[in-house]
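Below is one structure, written out as structure tokens, with a few remarks after it.
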Amino acid sequence: MSKQKKNTFNDFSGIMFSTDPDFVYESNQQEEQETLPNAQQDLRVLLDRKNRGGKTVTLVTGFVGSDADLEKLAKTLKTKCGVGGGAKDGEIILQGDFKEKAFLYLQKEGYKVKKSGG
């Protein structure tokens with residue numbers, strides 16, 4: 001018999017009660033995605049000012065892999081550029097204009113990377 005994690009109230013998204021004793025709720029949670037090797041990643045580096053109060057940020061998009069690996073790459077980029085930022089939803093955000101630095105570092109690490117935007 002497989003071991004199931006205990007469901008919390010938020011996991012049921014609308015189901016309140018079931019009279020079926022054999023009911024097993026199918027959750028919509030995605031399995032952790034496997035991280036592609038550096039050479040197979042197709043990353044884009046671009047500058048963005050939209051919805052950021054006029055402040056410029058450098059975005060690295062197109063990362064395919066686990067959130068832990070995305071966070072690790074984001075931390076390395078933030079350290080190399082000496083800035084703050086974050087990572088979520090397959091994007092890395094670096095505060096400021098670090099398009100060239102990020103591009104060169106990612107290229108040196110073997111990522112397939114392109115500059116995008118103006």
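Considering only heavy atoms from C-beta on, Lys115 comes within 4.5 Å of Glu100 through its side chain. By the 4.5 Å heavy-atom criterion applied to side chains, Gln40 and Asp42 are not counted as neighbours. Looking at heavy atoms from C-beta onward, Leu106 lies in side-chain contact with Leu73 at the 4.5 angstrom threshold.
Residues Lys99 and Gly117 approach most closely at NZ-O, 4.0 Å, considering heavy atoms. The minimum heavy-atom distance between Phe63 and Thr35, with the atom names listed, is CZ-CG2, 3.9 Å. Here the closest heavy-atom approach between residue Leu43 and residue Gly62 is recorded as CD2-C, 3.7 Å.
Taking CG of Leu77 as the reference point, atom NZ of Lys101 lies at 11.0 Å (rounded to 0.5 Å). For the atom pair NZ (Lys72) and NZ (Lys75), the distance works out to 11.0 Å, reported to the nearest 0.5 Å. Taken to the nearest 0.5 Å, the CZ atom of Arg44 stands 8.5 Å off from the NZ atom of Lys112.
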query = Checking side-chain contact (heavy atoms from CB on, under 4.5 Å) for the pair Glu109/Tyr105: CA distance, chi angles, key distance, verdict?
reply = CA-CA 6 Å; Glu109 290 297 310; Tyr105 173 76; 3.4 Å; yes
Let me have the donor-acceptor pairs involving side chains of residues 84-98, under 3.5 Å, with sequence neighbours excluded, atom names and distances please.
none

Would you give me the side-chain donor-acceptor pairs under 3.5 Å for residues 46-53, sequence neighbours excluded?
residue, atom, partner, partner atom, Å
Asp48, OD1, Lys50, N, 3.2
Asp48, OD2, Arg52, NE, 3.2
Asp48, OD2, Arg52, NH2, 3.1
Arg49, NE, Thr56, OG1, 3.1

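The hydrophobic clustering, which links ILVMFWY residues whose side-chain heavy atoms are closer than 4.5 Å, places Leu59 and Tyr111 apart.
Looking only at distances, a side-chain donor or acceptor of Gln41 sits under 3.5 Å from a matching main-chain atom of Leu36.
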